[in-house]
Amino acid sequence: MINLTMDGLKISVEPGATLLDVARFYGANIPTLCYDEALSPYGACRLCLVEIGEPGKSRLVSSCTYPAREKLNVRTNTVRVMQTRKMIIELYLATCPSSKTIQDLASKYGVTGVRFSPKNEECILCGLCVRMCEEQMQAKAIGFVDRGVNRRISTAFDRKSEQCRLCGACMYICPVCQARCQGPSEESTLCNACLNLSPPCLENNDHTLCYMDPCAACELKKKTNQ
Amino acid sequence: MKKNTVLGLEVPCGPNGVSVITVLQAIQGYYGYLPEEALEKAARELKVPLIDFYSVATFYKNFRLAPQGRREVVTCTGTACHVRGSEKITEEISRTLGVDIGSTTEDGEYSLKCVNCVGACALAPLVIVDGRYYGQMTSLKVRRLFSDNPTKTEQTVSSGLSE
């Protein structure tokens, strides 16, 4: 067993576990975009970063690829981690403003504006589809093509691959090809509707729990009735 | 070193079999570029997904997926050349020869590519045709250079500079 400290908690874990496994097991909330339990970790999205080492000499590492080591001091929610994470989310929002997954992340982490010009790309190059195709579907029909800013995901020679069985797993696992949230202001990059909505049911009933998901449902219903 | 054959070409073989790069090098060494059919055949022969070959072939600048032209035109887009208008020169060449950057004319005569600096900044903007350096280029000189009578091209600087 490996003994390490995570957020001040002394814990011991099985050898071979990654920091993300440990953090999730102990309930630390770490967002990811390129991680899937069924696929090999890739460390592309950088959202899962945590701070390791003693304060002053600490560094940020991606927890999904970093193995748990003896006497490691891991912190998952420091100011530095949160600031970096917010920055990454903002950059992702500028890349793919129409992705619901990324919008939800932004809402959750309080990213209320995008300072970069939106790119409206369809891909964040997380590589989930490539790994899905290779590792789970045993096909390897798609892969990364070209390099640098031109890097993209495609089949060989950009035509239908012999290996592709049209299983659709690549689209199933893609974090950005979901339809965007149809909030009150669809045009803007970030509508923040979820942040600004106050559930109206709370005004009427102090002690009720709302099971509506999203909670905005009653708000929208009220609007249409008017 | 152990040798293996792919498509009848000899490929150096490491302890874990042949690597993608050595196979691509062997194919390019034989054909001068990477033909689609050859890659497909090699992929089938080695039981490797075609995308593995394609990813590596598009990643490295050294590999070409289209045949090279008989004459190679290179324009320098380094800082000095850029400041002195290499962009316009490249555009002019592209228009005169009817070829895009990084591609080859339909008759297979010229291929045009851009490099970042060839270290001859005093001659900016610079065009290199088959190893011959043409300095201080203008649109007019470009047109003359690629006209049917290239003897008139003045102020050419012969390739005393290393390539």
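Naming: A, B, ... by sequence-line order, numbering from 1 per chain.
Counting non-hydrogen atoms of neighbouring residues, nucleotides and ligands closer than 6.0 angstrom, the NZ atom of K160(A) exceeds 12 such neighbours. Around CD of E122(A), the count of heavy atoms belonging to other residues, nucleotides or ligands within 6.0 Å does not exceed 12. With a 6.0 Å radius and a threshold of 12 heavy atoms from other residues, nucleotides or ligands, E109(B) has its CD atom above the threshold. The neighbour count for F116(A) CZ, taken as heavy atoms of other residues, nucleotides or ligands under 6.0 Å away, is above 12. Within a 6.0 Å radius of OH in Y26(A), more than 12 heavy atoms belonging to other residues, nucleotides or ligands are found. Counting heavy-atom neighbours within 6.0 Å of M171(A) CE, excluding the residue itself, gives a total of 12 or less.
Closest of all the heavy-atom pairs between Q163(A) and P49(B) is NE2-CA, 4.0 Å. For the residue pair R152(A) and Y54(B), the shortest heavy atom distance occurs at NH2-OH, 4.4 Å. Nearest heavy atom pair, residue F157(A) against residue L65(B), reads CE2-CD2, 3.9 Å.
Residue S161(A): no heavy atom, backbone or side chain, is found under 4.5 Å from chain B.
Of the residues considered (R151(A), E162(A), R159(A), E134(A)), R159(A) shows the highest number of contacts with chain B, using heavy-atom pairs under 4.5 Å. Among the candidates A141(A), A139(A), A156(A), the residue making the largest number of heavy-atom pairs closer than 4.5 Å to chain B is A156(A). The candidate from T58(B), I51(B), L39(B) with the greatest count of non-hydrogen atom pairs under 4.5 Å with chain A is I51(B).
Side chain of S55(B) to backbone of V145(A): no donor-acceptor contact under 3.5 angstrom is found.
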